[in-house]
Participant: 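Please see the structure below; I have some questions.
Order of the sequence lines fixes the chain letters, A, B, ..., with proteins taken first and strands second; residue numbering starts at 1 for each chain. Heavy atoms only: backbone and side chains are in, while hydrogens, waters and symmetry mates are out.
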Amino acid sequence: MLEKDMEKAYDHLQTESDWYRRWQENGLFTPAPEPAGIPFSIILPPPNVTGSLHIGHALTLSLPDIIVRRKKMQGFHVLWLPGVDHAGIATQMVVEKNLKKETGQTKEDLGREKFLQLVWGWKDASEQKIVGQIKKLGLALDWSRMKFTLSDEMQRVVRKVFVALYREGRIYQGTYMVNRCPSCKTVLSDLEVEHKEVQGRLTYIRYPLLRDPKRWVVVATTRPETLLGDVAVAVHPKDARYKKLIGQELRLPLTGRTIPLLGDEDVDREFGTGAVKVTPAHDPADFKIALKHNLEKIVVIDEQTRMTGPIPEKFIGLDRFACRQAVLEDLRAQGLVEKEEEYVHNVGHCQRCETVVEPNISKQWFLKTAELAQPAIAAVRDNEITFIPDKWKKVYFNWMENIQDWCISRQLWWGHRIPAFYCQDCQEVVVDETDPERCPTCGGSRLVQDEDVLDTWFSSALWPFTTLGWQDDSADFRTFYPTSIMATGFDIIFFWVARMIMMGLHFGKAVPFREVLINGLIRDEKGQKMSKTRNNAVDPLEIIREYGADALRFTLAVQAVPGMDISLSVSRVKGYKAFANKIWNASRFVVMNLKGDEAATIDAGAISDADRWILHELNTLVEKVNISFDEYRMYEAADLIYHFIWDEYCDWYLEFSKSDLASPATRAVLKFTLRRILQLLHPFMPFISEEIYQRVKGDKDFLIQTEFPAFSKDLVFPEAHAAMETLKKVVAETRKTRTENRIEPNKKVPIFLKCDSPAERLHLEKHLKYFDFLSRSLGTEIVADLSVLPRGFRGVSQNWEILLPFVDDQDRQRELQRLRGEHDKLAKLIAQMEGKLAGGGFADKAPAEVILNFKKNLQEYIEKKAKIGKTIDDLS
RNA sequence: GGGCGGUUAGCUCAGCUGGUAGAGCAUCGGUUUUACACGCCGGGUGUCAGAGGUUCAAACCCUCUACCGCCCA
């Protein structure tokens, strides 16, 4: 791997195969035991152990890695801590589905213990796969501190936190309206319910007045089957249509029950007829109304979504949707349907399985959040935590200020078991950090633990401080908490970020992180969300295999404008693979030409102007890149580096250097600049930069141990820089003139130049060897008057005229035609600019600097036009 | 119903505090010049969604409209 020979084509597979192992073996990702430098820490957002990583992970994971690697190189005391998430409901579902597919069994067939064994097996396999993928991406994670949200250690902490919150009175058990997914067979938090527009049907149903059955109140509903559980009809108390009827009794169709018509301010007068049916057991809004008016809650749909309760025999046992039809038929038959209309409305769906959720009443565990939210809001308001981009702050506030208590219990098997025990003798509830042997109230020993587990986000909320060992008051916790940055997607700001802030402040006694870096979603080339069902998901491993992890990382980095979605185009990855090849070959050139006698430092007196020019350019680049990094614009830093390497370093500097290879001073600059480039590149492309670094190594064994470049006052060379810029300008114009006139690229021709600026003329005279080489000149003369020379093709650039002698008269004709075209174009532009200068107030009101610049440009065009005009005369 | 994004070259996207538009890919012409054909040299391409306003000056600020997407209720 270290031999000097470099293949002509860069082989990313070979380069990316082994470095990770060596980095790890050398402990490069593990912070030194003795704190050195300012602590900087990032906790990896733990991927779910549901299978493997998708391309979205590649983004969320590699962005912080870019930051982390630079911080390491800047001498910070860095920790980048990995982990995986048990992902309760998601993982359980995957394993259940698998079980069904492979053996036809359900988890109930296996029983809790055996099923959990199966899940643990799945978890191990999935974790292994994920860790492998992460390593392929090259993330500089400290695996010695790897964590899992459901490890023994985490089970202990979660229990400790649960008990503490219970004792503080923040966790309570209560019977409320919650969302239940009939397919996942568990309750869900409000956040796990996705509202989707569904084409439904609004049925207007007549509820006859008890006193006068010929009259009725009409209510509109999208769920006629819930009529069976109605306990009232409500109207707005100020609604003129119904005001007089409030207090009347209504006959509830199909049931023979009698229900009141009542007034409630929360009723929306605009919806339907303005009268709404009240089904407290199956609708959250109705539940609230029932509480206010002390109404009975009649359960008519059970947990399997079958009809139940005190309803006519014929409906019992029907599924909710079948019952809907049955109810409708009966209502129609009795002439109680006033009308039916198509209606688009929002229906809650399970986030995981997309089943329509069923709101129902059940006894669950809740966490009181209003109080915990207050300091969490303050922390963001007072900029103890900043969001990048800032706009997400507003989203955060909006949610936090209207936060509802969090339903934390789930009817699942895979997760943190709720540490509550029920005494079978006296019904006492015991919540403790250790399993109780006897009931503290009655002394009974018949204690049964709650069957439920905690919402997976409960343990996630504790992640930043528990991974660092808060529970044991560890050194890591004291050193690395609060962490520096949390990088994640906007889709889990509520699920995760908000809850980490609340819990971090409450238990960790400080914000869990200083910055929240929000990245967008990855979409496909057509801007569509990637998903398995659309079959447009991109496997990061496939991309890595084909183009390299470096190319993928660079593509993601350069496209990751904070908060914006990314359309991942494979053609772009391909482009950056080509970039890797370019870097490889530039390095190959440098390495091939090094002789081993190059000084480690730059001899400012001995180096050429070309050397000074690239050092100056590089220094400017370094300054810009650092600013971009510090303002979290990694995409900008990546783009700057890309263009520097390709457009300046390769296209110009390496070409200049070919004339100076005999100079040890220049070779030293070649080595120095290459090293700096590798350092700048390393956070983005860790593999190729390391591979090349090994060939131009300094006293550090690995690139990440070297210092990230910083702006240096000693590398500012404005004069040499200006000289080389002049040279570049004239070379470019000469090349253009050659191409336009179809002079064979390879053919060396005599070149004559005329210059109006004495300073620039000096620049070029000093550097003619570069000019000759880059312009393929047979010999270059700078003359005072071109008109005395043989006629030739002309090129004009600011302060310069170029002449390439004609070979025959056809050349002359072609040249005339071209010059006339250019002359016309300039005339038009000048007229436009002069017009602007003359009228409109531009000259009076624009800042002097702008006008000066404008006039300078105009003058330049005028001169250029004059020169071309004169040439035309000469040739005609 | 409330809120937030987006609409820039054929495609995917940059464009920071307003000063007459850029990248990658694609495309066209030329080229195997001893780091690189995953290359080199050169070129073309845009009423910056539409309308109005502020300004000497607007892709950028303000208002409205259209379309696409997202979040919350």
Participant: Rounding to the closest angstrom, what is the interatomic distance between rC13(B) and rU20(B) at atom C1'?
Facilitator: 22 Å
Participant: Between Tyr642(A) and Trp646(A), does the ring centroid distance fall short of 6.0 Å?
Facilitator: yes
Participant: Given the P atoms of rC41(B) and rG50(B), what is the spacing between them in whole Å?
Facilitator: 36 Å
Participant: Distance between the P atoms of rA14(B) and rA9(B), in whole angstroms?
Facilitator: 12 Å
Participant: Across the strands shown, which category fits Lys393(A) at heavy-atom distances under 4.0 angstrom: base, sugar-phosphate, nothing?
Facilitator: nothing
Participant: Using the ring of Phe589(A) (Phe, Tyr or Trp, six-membered ring only), decide whether Lys658(A) places NZ or CZ under 6.0 Å from its centre and within 45 degrees of its axis.
Facilitator: yes
Participant: For RNA chain B, whose closest nucleotide is more 5', that of Tyr635(A) or that of Lys394(A)?
Facilitator: Lys394(A)
Participant: With side-chain hydrogen bond (donor to acceptor under 3.5 Å, both in side chains) as the criterion, how do Asp611(A) and Ser608(A) come out once you've worked through the C-alpha distance, each side chain's angles and the decisive distance to 0.1 Å?
Facilitator: CA-CA 5 Å; Asp611(A) 296 332; Ser608(A) 71; 3.1 Å; yes
Participant: Please tell me if the side chains of Arg553(A) and Tyr576(A) come closer than 4.5 Å, counting only heavy atoms from C-beta onward.
Facilitator: no
Participant: Heavy-atom distance under 4.5 Å between the side chains of Phe579(A) and Asp550(A), does that happen here?
Facilitator: no
Participant: Side chains of Leu63(A) and Asn519(A): does their closest heavy-atom pair fall under 4.5 Å?
Facilitator: yes
Participant: If a protein heavy atom is under 4.0 Å from the base, mark B; if only from the sugar-phosphate, S; if neither, -; do that for nucleotides 38-44 of chain B going 5' to 3'.
Facilitator: BSSSSS-
Participant: I'd like the C1' distance from rU7(B) over to rU65(B), given in whole Å.
Facilitator: 13 Å
Participant: What distance, rounded to whole Å, do you find between the two C1' atoms, one in rA73(B) and one in rU17(B)?
Facilitator: 37 Å
Participant: Distance check needed: rC4(B) C1' versus Ile518(A) CD1, whole Å only.
Facilitator: 14 Å
Participant: Need one value for Phe494(A): base, sugar-phosphate or nothing, where a base atom within 4.0 Å counts as base even if backbone is also close, heavy atoms only.
Facilitator: sugar-phosphate
Participant: Just compare rA35(B), rU12(B), rG5(B) and give me whichever is closest to any side-chain atom of Lys391(A).
Facilitator: rG5(B)
Participant: So for Glu655(A) and rA35(B), does any side-chain atom that can act as donor or acceptor lie under 3.5 Å from a complementary atom in the base?
Facilitator: yes
Participant: Hey, would you say the Trp584(A) and Tyr10(A) ring centroids sit under 6.0 Å apart?
Facilitator: yes
Participant: Taking the C1' atom in each of rG15(B) and rG6(B), what is the distance between them to the nearest angstrom?
Facilitator: 15 Å
Participant: Quick one: the dot-bracket string of RNA chain B, using Watson-Crick and G-U wobble pairs with both distances under 3.5 Å, [ ] for crossing pairs and | for bases paired to another strand.
Facilitator: (((((((..((((........)))).(((((.......))))).....(((((.......)))))))))))).
Participant: Quickly work out the Phe684(A) CZ to rG24(B) C1' distance and round it to whole Å.
Facilitator: 17 Å
Participant: For Asn585(A) and rA35(B), give me the distance from atom CG to atom C1', rounded to whole Å.
Facilitator: 5 Å
Participant: Before you tell me yes or no, could you show the steps for Trp652(A) and Glu617(A) under side-chain hydrogen bond (donor to acceptor under 3.5 Å, both in side chains), namely the whole-Å CA-CA distance, both residues' side-chain angles and the distance that decides it to 0.1 Å?
Facilitator: CA-CA 11 Å; Trp652(A) 293 103; Glu617(A) 281 280 313; over 6 Å; no
Participant: Between atom NE2 in His643(A) and atom C1' in rG22(B), what is the gap in whole Å?
Facilitator: 8 Å
Participant: For atom P, what is the distance between rC36(B) and rG30(B), given to the nearest Å?
Facilitator: 23 Å
Participant: Tell me the interatomic distance from Arg572(A), atom CZ, to rG24(B), atom C1', rounded to whole angstroms.
Facilitator: 5 Å
Participant: Asn402(A) CG to rA73(B) P: how many Å, rounded?
Facilitator: 9 Å
Participant: So, Phe684(A) versus Phe629(A), ring centres under 6.0 angstrom or not?
Facilitator: yes
Participant: Send over the distance from Asn179(A) CG to rA73(B) C1', rounded to a whole Å.
Facilitator: 14 Å
Participant: Report yes if at least one side-chain N or O of Lys658(A) is closer than 4.0 Å to OP1 or OP2 of rU34(B); otherwise report no.
Facilitator: no
Participant: Less than 4.5 Å apart, side chain to side chain, heavy atoms only: is that true for Trp399(A) and Ile493(A)?
Facilitator: no
Participant: Looking only at atom P, what distance separates rC16(B) and rG22(B), rounded to whole Å?
Facilitator: 14 Å
